[in-house]
Amino acid sequence: MKNLLNGLKSSINRRSFMRKGLTAAGAATLGAGLLTHSSSALGQEGPEEHSGRLTKGDAAILRFLAAAEILETDFWVQYNELGGIQDSEVPGGSGNAAYTAALAVLDEDMAQYIHDNTEDEFTHQNFINAYLASKGADTVNLEQFRTVPGSSATGSSGKLRLTNLMQLTLDTSWWTRYRSRTKNPDLGDTFPQAIPTLAVGQHTAIPRTDADLNDPNFLQAIANTAAFHFPTIEQGGNSLYPSLAQRVTHVEVLRVVLSIGPTETAHFQTWHDKAGNQTNLIMPEPCPFLSRKLPVCSIIRPTETKGAAKGALNFLTAMGLFIGQSPEFFAFLRDLAEDADEARRGRR
Ligand SMILES: [Fe+2]
Ligand SMILES: [Fe+2]
């Protein structure tokens, strides 16, 4: 909590610093190593990020998405090292047999799904950054924030991480949200938790050390936490892309966003099935959309565009995914989110 508050405070300081337009040297110090400047764009736009041939807003939206995908990749890699399939497509780690078996209790294909979801996230971050670079725009690199110790259980690569899977607090209200025929978060409605115990306290979704493997009941609880973390995360991506797409300017950037977003939906639907198959109600119920005067419609929800990037960042932060990260990390992510939320359609 202290870290989070420090991060927020420091991010506010950084924003006011940037906004006041103090020296470019000062801003460059803050941003050093975070944004990779492309040579073609250098020197054209002052101390803030370079957009190259993209509009400022499109570049900002893509940069926030690149950061989100880098973070997604980081925690999916942790799952794959311990509970997925380690191969040339998703290298790293050597598997943890007991954790993999506990996940398989939920579905025997869990290891394959974890592998495939992890590979997808790799391709998302790689593509978005490569696309930004191809347009002469700055890309995102979070490597300097790879400071969080991860699992030391058998199977983990032991490398430092960007994200923390060992102190999660999960908002599982997506489960009731997608089952409601009368409510939509964009119309101000709220939803009860599916698993109230995961919404309080801190829960590890991976074995932290080999000591976590000793009690089969505890290990199963860890695997169950993971099984609810998967859809909790992917439903976030499933809303984030359509939310941000509404403020994209160029059709090709829209195509990028509209083509990646639904793969997050595919992930969500797969994990939703694993978490929700007790009742077999795994497809979205129709709900009110735009106005309660219009007929109900089966849709992704929420898709409100205002503040969508900051909302996503707050959601991930509240989940505990960044516990242990530095104030500079929170400041940088908040800056990317604010820039993305300032993007407007059709304005350069
Ligand atoms: Fe993704
Ligand atoms: Fe994803």
Side-chain angles (χ1 to χ4, degrees), residues 61-81 83-85 89-90 92 103 107 109-132 139-142 161-165 168 170-172 174-175 178 205-206 225-245 248 253-276 282 284 300-303 308-309 311-317 319-322 333 336-337 340:
I61 284 172
L62 289 173
R63 267 193 292 271
F64 180 74
L65 289 171
E69 295 292 351
I70 289 169
L71 295 167
E72 262 202 301
T73 302
D74 179 76
F75 70 74
W76 274 111
V77 163
Q78 296 182 57
Y79 282 124
N80 195 69
E81 288 184 6
I85 296 170
E89 288 175 346
V90 188
L103 287 165
D107 187 296
D109 295 324
M110 288 294 261
Q112 184 70 52
Y113 296 157
I114 289 170
H115 169 279
D116 291 356
N117 203 139
T118 308
E119 191 196 8
D120 286 1
E121 307 306 355
F122 260 119
T123 67
H124 290 168
Q125 64 152 60
N126 287 345
F127 183 88
I128 296 173
N129 257 340
Y131 182 78
L132 281 162
T139 58
V140 177
N141 183 342
L142 300 180
R161 314 293 182 173
L162 298 168
T163 60
N164 182 345
L165 291 177
L168 296 178
L170 298 184
D171 178 348
T172 56
W174 51 266
W175 202 91
Y178 273 97
I206 50 173
T225 300
F228 273 94
H229 186 226
F230 301 161
T232 300
I233 276 285
E234 297 300 320
Q235 66 82 29
N238 155 71
S239 276
L240 179 61
Y241 278 86
S243 297
L244 292 179
V248 160
V253 177
L254 187 62
R255 183 177 181 181
V256 170
V257 174
L258 289 184
S259 301
I260 293 176
T263 66
E264 305 291 345
T265 307
H267 298 158
F268 171 48
Q269 184 64 21
T270 301
W271 298 122
H272 196 165
D273 186 22
K274 303 309 143 211
I282 58 157
I300 300 305
R301 67 207 80 158
T303 53
L313 181 60
N314 291 342
F315 170 73
L316 297 174
T317 303
M319 179 185 289
L321 199 61
F322 306 136
L333 266 290
L336 288 182

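All of these numbers come straight from a predicted model, not from anything done at the bench. Heavy-atom basis, side chains included; hydrogens, waters and symmetry copies ignored. Atoms within each ligand, like the ligands themselves, are counted from 1 in listed order.
The nearest N, O or S atom of D120 is not closer to the Fe ion (ligand 1) than 2.8 Å. The Fe ion (ligand 2) has E72 among its coordinating residues (N/O/S atom, backbone or side chain, under 2.8 Å). With a cut-off of 2.8 Å, the Fe ion (ligand 2) has no N, O or S atom of E69 in range.
Considering CD of E264 and CD of Q269, their distance stands at 14.0 Å, rounded to 0.5 Å. Between T163 atom OG1 and L316 atom CG the span is 10.0 Å, to the nearest 0.5 Å. A distance of 6.0 Å separates CZ of F322 from CG of L313, quoted to the nearest 0.5 Å. Distance NE2/H267 to CG/D116: 8.0 Å, rounded to 0.5 Å.
E121 contributes atom OE1 as its closest N/O/S atom to the Fe ion (ligand 1). H124 contributes ND1 as its N, O or S atom closest to the Fe ion (ligand 1). Between the Fe ion (ligand 2) and the N, O or S atoms of E234, the shortest distance is to OE1. Within E264, OE2 is the N, O or S atom that lies nearest to the Fe ion (ligand 1).
Using modelled atom types, one finds a donor on one side chain and an acceptor on the other under 3.5 Å when comparing N238 with Y178.
Annotation: F230 is in aromatic contact with Y79 [ring centroid separation under 6.0 Å].
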